[in-house]
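As the structure is a prediction and not an experimental result, all values here were calculated from the model.
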Amino acid sequence: MNDINFKQRWLDARRKIIEHSFGKLNPEQRLGVMTTEGPLLLLAGAGSGKTTVIINRIANLIRFGKASDCDEIDESATDEELEFIERYAKFFSPEDAKRAEELVAYQPAEPWRIMAITFTNKAADELKARLEVMLGEAANDVWASTFHSACVRILRKDIDRMGMFSKSFTIYDTSDCLSLVKHILKDLDIDEKKFAPRSILSVISGAKDEMISAEEFLSAAGNDPWRKTIGQVYKEYTGRMIDSNALDFDDLILYTVKLFMECPEVLEFYQNKFRYLLVDEYQDTNMLQYKFVSLLADKRKNICVVGDDDQGIYKFRGATIENILSFEKQYKNCRVIRLEQNYRSTEFILEASNAVIRRNTARKGKELWTKNGRGEKLTLYVAASENDEAQFVASKILTGFSQGANWSDFAVLYRMNAQSNQLEHAFKRNGIPYKVFGGMKFYDRAEIKDMLAYMCVVNNPDDDLRLRRIINNPPRGIGDKTVDTAAEIAAREGMTLFELLKKCREYPELQRSAAKLLLFTNMIDDMRSEVSERTLDDLYEFILSKSGYLAALEAKNTQEDQTRAENVRELKTNIVSFIKDRNGVGNLADFLDEMALYTDLDQLEKDTDCAVMMTMHSAKGLEFPTVFMVGVEENIFPGTRSIGDPEEIEEERRLCYVGMTRAKQKLYITAAKQRMLFGRTSCNSVSRFVKEIPEECLETIQAVRNVSSYQSSSGGYKQGGGNYSVGSSYSAPAPSAPAAKYSVSSKIAAKPAAPAANVMFRKGDSIVHKAFGAGVISAMQEMGGDFLVEIIFDKVGTKRLMLKSAAQYMKKAD
DNA sequence: ATCATAACGCTTTTT
DNA sequence: GCGTTATGAT
């Protein structure tokens, strides 16, 4: 048997077999999966099945190793084996699959040799879940995590080697850092108005990103007073973080990189451990993250980065799409694969999105295409006011629902959270169930942070910041001034606040409050001594009562405190489920890690059917059958701040592209001629981005009425059976009841038409609503020139609607 | 020490 | 327009 011939036949069969096991993928996707060795840049457009490629690529590494990407074969291969795999490559008989795949594999990677980095916990969880489906138990050993949790894991093991922090360090979130900066400004006597804590933090964050230390920052500041002051704050900030044994989000990565550089043996350990590296959303990495990845990949260069330069929208947080744009320069022999087939949207949507993003100059260049068909044109609605805009969205959703869509098929995307208000009102008025994302999160609530602060202090008494948060909460008669003097002495003596408080008797300045202070430190010590004695949920219960926190809330007895008490109890549910997730063993430190890094535990609950509204930023990675992009106006989107700066405009344009490509079937874009924002009315023209959409993709609807003509009853447009009216003149020519014309409301005429409405509908009437079906009006209450009607529907239960909005969808049943 | 009122200022935010 | 924060009064 000819050796060359044998090898070639083996390679051919092997290729066929591997290709077959990834047969569901398109050619580009399969190429991405099978390119395992060396640097790989995977440019994955929106909706191109990126996650599928990542999952399958990992599966390929584990099942076949480097077999799909090299010319080597096992020396020991026999003729019988060759014939076997050739037979399998021809007939693919399922009973032969297992042996054939095993034979074909070449140096398969153990799961723990693979690291897959994502940005969000959600993405990491999804990755893990899908890997488990594909690979079973083995999937658990793949390091699939966020940058931050990977770094925490690394630091918990070796951070003490650097001599600044101990392994039990705590993690400060953004608001912790903000209050730390505020404390520092106060102590250094710096005016908060001249030096906004937020911007100081972002400068510090920027410096860390470039690995500039406080000292270096200060010496680079020269005589610039602004930078000098910030440098001082930065220095103080770093010092206090070290004293408190605390790390912020940036530090997690910064100190990991430092650890790698200072302790080569640590770096080497991970370089040897991870044979394959995979980074998702590479366009969102900052310098530090780039550095982290580069160091890890330096030895083997088996690094695959996945991203879309057109979707980089986090420049303001330090992300630089430069990382993805220059990947090819960094790795000379790098291979590039483009995924341009889109499985999500229609041709109209993609054509429009492509046209918009094409205007950007800083990009690799990509054109999405699809086999999904033309679809519907995009609709631009130019509303008279923000109210009108919101009502338009609501009416479209109601119409859609009445035609069989789910509420969750609809998403409203806006540029800023402040825009959600009007929409919420409109949704409430119309009885549309909805959920707003990105607002106040459960873990952001003061009472939750308070309880977590207790747990942090119990875990790490050196945590001065959290200590200050809880020392007088609930009130223990320990005032700010007492704490301030104690902190001063502590700084002078080189102790942490907690250590000093225990010795407060020794200091005359603290004599007066000594009893109270010791009561507090004893309480914390009592809690600490219970850590090893109790289960985590039990410990929480103990802290809850021992601190008097819950009792203080219950004593207040206002509605608000009632809710707070509930939230605090609700936290226990989270603790219990945390323990359950870890098979009954949950320790305090791990729980706090998870809390610090897992901010979005209350995610998109799929079980509740709700329309959703969120910023375009938070919509990244999601998709919806129908998407409304609202407020697409100059000065809002693009925002005032970015106008005039070409780079900023490009970032906004990418955001626009992200928003547009969320839509699967239908995309509505709306703008208002006039809107009230931040208490001021402004008139903006339709966004330049809309003008970049080819005319043939777009159908435009103008609100007929301008806002001032309140008295006219013939406002509105007619289109496709949907009826809609503008401003405050509500005509109700529902298709079924064209004569039902009345007018309620307006800010001008107080309530002139109220009786008229009353004539149309009254309590006890049986009605049919276009979206909700049949129902009976069970109550009616006059409210601000309108009526709040309560209707018991046969199918969807009781709803409370504003008559003026609802009437256009209602008729009397007879 | 805690509650009230005035003044400000305001993108986006995976961790 | 609203929510947060700074300051003063009790």
Distance check: side-chain N/O of [X] vs OP1/OP2 of [N], anything under 4.0 Å?
X: A:Asn417; N: B:dT13; answer: yes
X: A:Asn121; N: B:dT15; answer: yes
X: A:Thr615; N: B:dT13; answer: yes
X: A:Asn472; N: B:dT2; answer: yes

Tightest non-hydrogen contact, residues A:Ala552 and A:Pro474, listed as CB-CB, 3.6 Å
Just call it for [X]: base, sugar-phosphate, or nothing, with non-hydrogen atoms closer than 4.0 Å on any strand.
X: A:Arg198; value: base
X: A:Ser618; value: sugar-phosphate
X: A:Gly479; value: sugar-phosphate
X: A:Leu413; value: nothing
X: A:Gly621; value: nothing
X: A:Tyr314; value: base

[X] has an atom [atom1]; how far is it from atom [atom2] of [N], in whole Å?
X: A:Leu252; N: B:dT14; atom1: CG; atom2: C1'; answer: 14 Å
X: A:Lys186; N: C:dA6; atom1: NZ; atom2: P; answer: 9 Å
X: A:Lys50; N: B:dT14; atom1: NZ; atom2: C1'; answer: 12 Å
X: A:Met416; N: C:dC2; atom1: CE; atom2: C1'; answer: 14 Å
X: A:Asn473; N: B:dA1; atom1: CG; atom2: P; answer: 14 Å
X: A:Asp248; N: B:dT15; atom1: CG; atom2: P; answer: 15 Å
X: A:Lys193; N: B:dC10; atom1: NZ; atom2: P; answer: 12 Å
X: A:Lys182; N: C:dT4; atom1: NZ; atom2: P; answer: 11 Å

Can you work out whether A:Ser149 or A:Glu651 has the more 5'-proximal nearest nucleotide on DNA chain B?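 This one resolves to A:Glu651.
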DNA chain B nearest-nucleotide lookup for A:Glu648 and A:Arg476: closer to the 5′ end is A:Arg476
Which listed nucleotide ([options]) is nearest to the side chain of [X]?
X: A:Thr174; options: C:dT5, B:dC10, B:dT15; result: B:dT15
X: A:His148; options: B:dT13, B:dT15, C:dT5; result: B:dT15
X: A:His617; options: C:dT5, B:dT12, B:dT14; result: B:dT12
X: A:Leu597; options: B:dT15, C:dG1, B:dT11; result: B:dT15
X: A:Phe678; options: C:dG1, B:dT12, B:dT15; result: C:dG1
X: A:Glu192; options: B:dT14, B:dT12, C:dA6; result: C:dA6

What is the glycosidic conformation of B:dT11: syn, defined as within 90° of 0, or anti?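 Syn conformation here, the glycosidic angle of B:dT11 being no more than 90° from 0.
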When only distance counts, do a donor and an acceptor, one from the side chain of A:Arg317 and one from the base of B:dT15, lie under 3.5 Å apart?
yes
Exactly one of A:Arg415, A:Glu634, A:Glu652 clears side chain to side chain contact (heavy atoms under 4.5 Å, CB included) with A:Ser687, and that residue is A:Glu634
_Using the six-membered base ring of B:dT12, report whether A:Phe316 stacks on it, requiring centroids under 5.5 Å and planes under 30° apart._
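So yes, this residue stacks on that base, both cut-offs being met.
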| Do A:Leu517 and A:Ile471 have side-chain heavy atoms sitting under 4.5 Å apart? |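 With C-beta onward as the side chain, the pair touches.
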- Does a donor on one side chain and an acceptor on the other come within less than 3.5 Å for A:Ser205 and A:Ser202?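 Side-chain D/A pair, A:Ser205 to A:Ser202: absent.
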- Message: Can you check the distance between B:dT14 and C:dG3, where both ends of the measurement are the C1' atom (answer in whole Å)?
- Response: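 Nearest-Å result for B:dT14 against C:dG3 at atom C1': 25 Å.
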Practice problem: With C1' as the reference atom in both, quote the distance from B:dT11 to C:dA6 in angstrom, rounded to an integer. | Solution: 25 Å
**Prompt:** Within a reach of under 6.0 Å around NZ of A:Lys291, are more than 12 heavy atoms found that belong to other residues, nucleotides or ligands?
**Reply:**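 Open: at most 12 neighbouring heavy atoms sit under 6.0 Å from NZ of A:Lys291.
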Side chain to side chain donor-acceptor pair (under 3.5 Å) for A:Asp248 and A:Tyr237? Distances and angles first, verdict last. CA-CA 11 Å; A:Asp248 65 26; A:Tyr237 180 88; 2.7 Å; yes
is_close_aromatic(A:Tyr290, A:Phe292), centroid dist under 6.0 Å: no
